[in-house]
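Read through the structure below, which is laid out as structure tokens, and then see the notes.
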Amino acid sequence: MTEATWHSVAAKDDVAPDEPIKVEVGDTEIALFNVDGEIFATSNICTHAFASMVHGFQEGDEIECPLHEGRFSIKTGEALCPPVSEGLRTFEVKIEDGKVLVKA
Ligand code: FES
């Protein structure tokens, strides 16, 4: 496995509150979320079936899957209710010169 490195994936202003966006690092789809002005990154693919989290419904620091309404914590990736039991992978984020960098 290659070591994770920082990737510039978006401008911070591209990530509006409650409007997550999808970015890609290699083959990895990552969802970026704005929670109270802070940016967080998780895997974009639900752990239950193949659904894109950016098409889900963000409410504060939770994201609801668009397919079967499983919910995850955006900050920790934790699975919060059935049918999801496995958490989403999360990625470290930092902001530099208005850009969002993700460690992946
Ligand atoms: Fe996400 Fe089923 S695919 S809850």
Side-chain angles (χ1 to χ4, degrees):
M1 199 168 128
T2 52
E3 202 171 315
T5 54
W6 291 100
H7 301 269
S8 176
V9 290
K12 183 171 187 248
D13 289 349
D14 291 343
V15 194
D18 295 341
E19 289 181 24
I21 64 168
K22 181 183 87 170
V23 297
E24 292 179 20
V25 173
D27 293 336
T28 305
E29 287 193 17
I30 294 172
L32 298 181
F33 300 89
N34 179 330
V35 179
D36 296 329
E38 201 175 340
I39 307 298
F40 294 89
T42 71
S43 167
N44 185 45
I45 305 301
C46 189
T47 57
H48 179 239
F50 195 77
S52 177
M53 300 315 298
V54 298
H55 296 141
F57 176 66
Q58 181 182 349
E59 192 172 13
D61 62 356
E62 295 182 9
I63 181 74
E64 182 179 276
C65 178
L67 209 50
H68 310 111
E69 300 170 1
R71 295 173 77 87
F72 298 93
S73 163
I74 290 168
K75 294 182 177 177
T76 66
E78 182 187 358
L80 299 175
C81 73
V84 295
S85 56
E86 184 186 338
L88 288 174
R89 181 178 171 196
T90 58
F91 299 87
E92 277 184 73
V93 171
K94 65 180 178 183
I95 307 297
E96 274 181 10
D97 298 330
K99 302 262 188 226
V100 180
L101 282 80
V102 169
K103 196 171 189 181

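Numbering of ligands and ligand atoms starts at 1, following listing order. Note that this is a predicted model, so its numbers are computed, not measured. Quick note: residue numbers are just sequence positions, from 1.
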Numbered in order shown, the ligand 1 atoms found under 4.0 Å of a heavy atom of A49 are 3 (S)
Taking both backbone and side-chain atoms into account, decide whether C46 has an N/O/S atom under 2.8 Å from atom 1 (Fe) of ligand 1. yes
Considering just N/O/S atoms, say which atom of H48 is closest to atom 2 (Fe) of ligand 1. ND1
Within a strict 4.5 Å, meaning less than it, do heavy atoms of the L88 and M53 side chains meet? yes
First locate atom CG of L80, then atom CD1 of I74, and finally report the distance between them rounded to the nearest 0.5 Å. 10.0 Å
Between K94 and E96, is the salt bridge (charged side-chain N to carboxylate O under 4.0 Å, His left out) condition met? List the steps. CA-CA 7 Å; K94 65 180 178 183; E96 274 181 10; 3.5 Å; yes
Would you mind checking if E38 and K75 are paired as a salt bridge, meaning a charged N to carboxylate O distance below 4.0 Å? no
Connected via hydrophobic side-chain network under 4.5 Å: V23 and I39: yes
Which bit of V84 is near ligand 1, meaning a heavy atom under 4.0 Å away: side chain, backbone, both or neither? side chain
Kindly confirm whether atom 1 (Fe) of ligand 1 is within less than 2.8 Å of some N/O/S atom in C65? yes
Identify, by atom number and element, the atoms of ligand 1 in contact range of L67, meaning under 4.0 Å from any of its heavy atoms. 3 (S)
Numbered atoms of ligand 1 (with element) below 4.0 Å of G70, judged on heavy atoms: 4 (S)
If you check every N/O/S atom of H68, which is the one nearest atom 2 (Fe) of ligand 1? ND1
So for atom NZ, which belongs to K99, do other residues, nucleotides or ligands contribute more than 12 heavy atoms lying within a distance under 6.0 Å? no
